[in-house]
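Quantities reported herein were computed from a predicted structural model and do not represent experimental measurements. Each residue takes its place number in the sequence, starting with 1.
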Amino acid sequence: MKSIRTLLEKKGAQVWSIGPKASVLDAIKAMAEKGIGALPVMEGDELLGIISERDYARKVILEDRSSKDTLVEDIMTKKVICARKSQQVEECMAIMMNGNFRHMPVVEDGKVVGVLSLRDLVKVVIAEQQFTIEQLESYIAVSY
């Protein structure tokens, strides 16, 4: 099992964020430019919420609101579940699956130090399983 610390060391801990008073259009543009599906909403180092493509689809598009005129703080998810570097990949994956969300900030000493996506976690699990399979195949080949 890998820790979130190990994952962030490999993935990189770049954190892009947006302020609560930014327009939703600016948030969507930032996500598109960075190739990401969510942004922590921050004021300085304080995590206020998270905005995702899902928030945009459900709270702007479906409600026929304007992306230019709607503020991030009006549609962001305010109750954010965060991970710690000391947690294991599988634990965070279970939390995300049970909570039905795909992005989780990693907070250490009150500061956002990374953002996990469900895709990041799945990649780690698949890589670990592939390694195990290769080791078992190698063991079987040597045994026969």
Side-chain angles (χ1 to χ4, degrees), residues 1-140:
M1 280 197 290
K2 284 196 177 182
S3 70
I4 297 304
R5 174 177 280 103
T6 304
L7 169 60
L8 289 179
E9 287 170 0
K10 186 174 181 181
K11 171 189 172 186
Q14 177 66 47
V15 177
W16 292 286
S17 64
I18 195 149
K21 299 292 184 192
S23 73
V24 171
L25 181 61
D26 288 338
I28 294 299
K29 283 181 181 178
M31 285 186 248
E33 287 170 8
K34 304 298 182 191
I36 56 177
L39 287 167
V41 181
M42 302 183 64
E43 213 159 48
D45 283 341
E46 183 182 2
L47 178 65
L48 303 176
I50 191 164
I51 183 170
S52 68
E53 294 167 331
R54 183 181 286 181
D55 291 320
Y56 174 68
R58 293 180 179 178
K59 299 173 188 172
V60 176
I61 299 294
L62 290 179
E63 293 181 12
D64 200 28
R65 297 167 85 172
S66 167
S67 301
K68 286 190 253 181
D69 300 328
T70 304
L71 300 179
V72 167
E73 68 184 356
D74 295 335
I75 70 159
M76 70 183 184
T77 300
K78 294 178 178 132
K79 291 183 182 178
V80 182
I81 297 173
C82 299
R84 297 178 315 280
K85 285 182 175 181
S86 60
Q87 287 180 283
Q88 299 300 307
V89 165
E90 290 83 355
E91 178 185 3
C92 291
M93 182 183 289
I95 292 168
M96 292 170 81
M97 299 282 285
N98 291 332
N100 197 29
F101 57 93
R102 298 179 188 145
H103 300 89
M104 183 187 312
V106 180
V107 175
E108 200 76 16
D109 298 322
K111 184 178 178 189
V112 178
V113 295
V115 178
L116 304 174
S117 71
L118 193 52
R119 178 178 287 158
D120 296 331
L121 303 177
V122 168
K123 281 181 185 178
V124 170
V125 170
I126 289 172
E128 287 179 348
Q129 290 174 348
Q130 184 61 39
F131 176 76
T132 300
I133 290 167
E134 289 169 3
Q135 294 300 308
L136 289 170
E137 288 174 341
S138 175
Y139 174 77
I140 291 168

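Under the 4.5 Å side-chain criterion, counting only non-hydrogen atoms from C-beta, P105 is in contact with I50. Residues K59 and T77 have side chains in contact (heavy-atom distance under 4.5 Å, counting atoms from C-beta outward). Proximity of V106 to V115: side-chain heavy atoms (C-beta onward) are nowhere separated by under 4.5 Å.
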side-chain contact (heavy atoms from CB on, under 4.5 Å) between C92 and L116: does it pass, once the steps are laid out?
-> CA-CA 9 Å; C92 291; L116 304 174; 4.3 Å; yes
Run the numbers on M31 and I28 for side-chain contact (heavy atoms from CB on, under 4.5 Å), then give the verdict.
-> CA-CA 5 Å; M31 285 186 248; I28 294 299; 3.8 Å; yes
Derivation of the side-chain contact (heavy atoms from CB on, under 4.5 Å) call for Y56 and I51 = CA-CA 8 Å; Y56 174 68; I51 183 170; 5.8 Å; no
Do L7 and L121 pass the side-chain contact (heavy atoms from CB on, under 4.5 Å) test, and can you show the C-alpha distance, the side-chain angles, and the key distance before you say yes or no?
-> CA-CA 8 Å; L7 169 60; L121 303 177; 3.7 Å; yes
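Judged purely by atom type and a 3.5 angstrom limit, Q87 uses its side chain to pair as donor or acceptor with the backbone of R84. The backbone N or O of K85 lies less than 3.5 Å from a partner atom in the side chain of E108, making a donor-acceptor pair.
Taking all atoms of both residues into account, the shortest heavy-atom contact from C82 to L47 is SG-CD2, 3.6 Å. The minimum heavy-atom distance between G49 and M76, with the atom names listed, is CA-SD, 4.1 Å. Across all their heavy atoms, G114 and L8 have their closest contact at CA-CD2, 4.3 Å. Counting all heavy atoms, side chain and backbone alike, I95 lies closest to M104 at CG2-CE, 3.9 Å. Closest of all the heavy-atom pairs between E53 and I36 is OE2-O, 3.7 Å. Counting all heavy atoms, side chain and backbone alike, D120 lies closest to K11 at OD2-NZ, 2.7 Å.
To the nearest 0.5 Å, the span separating CG on L118 from CE on M97 amounts to 6.0 Å. Put simply, CD1 on I75 and OG1 on T70 are 7.0 Å apart, with the number rounded to the nearest 0.5 Å. Here the CG atom belonging to L48 is positioned 10.0 Å from the NZ atom belonging to K78, to the nearest 0.5 angstrom. The CD atom of E90 lies 10.5 Å from the OG atom of S3; values are rounded to the nearest 0.5 Å. In this structure, the separation between NZ on K34 and NZ on K29 is 14.0 Å, given to the nearest 0.5 Å. With values rounded to the nearest 0.5 angstrom, D109 atom CG is found 11.5 Å from D45 atom CG.
For R102, the CZ atom counts as loosely surrounded, since its 6.0 Å shell holds 12 or fewer non-hydrogen atoms of other residues, nucleotides or ligands.
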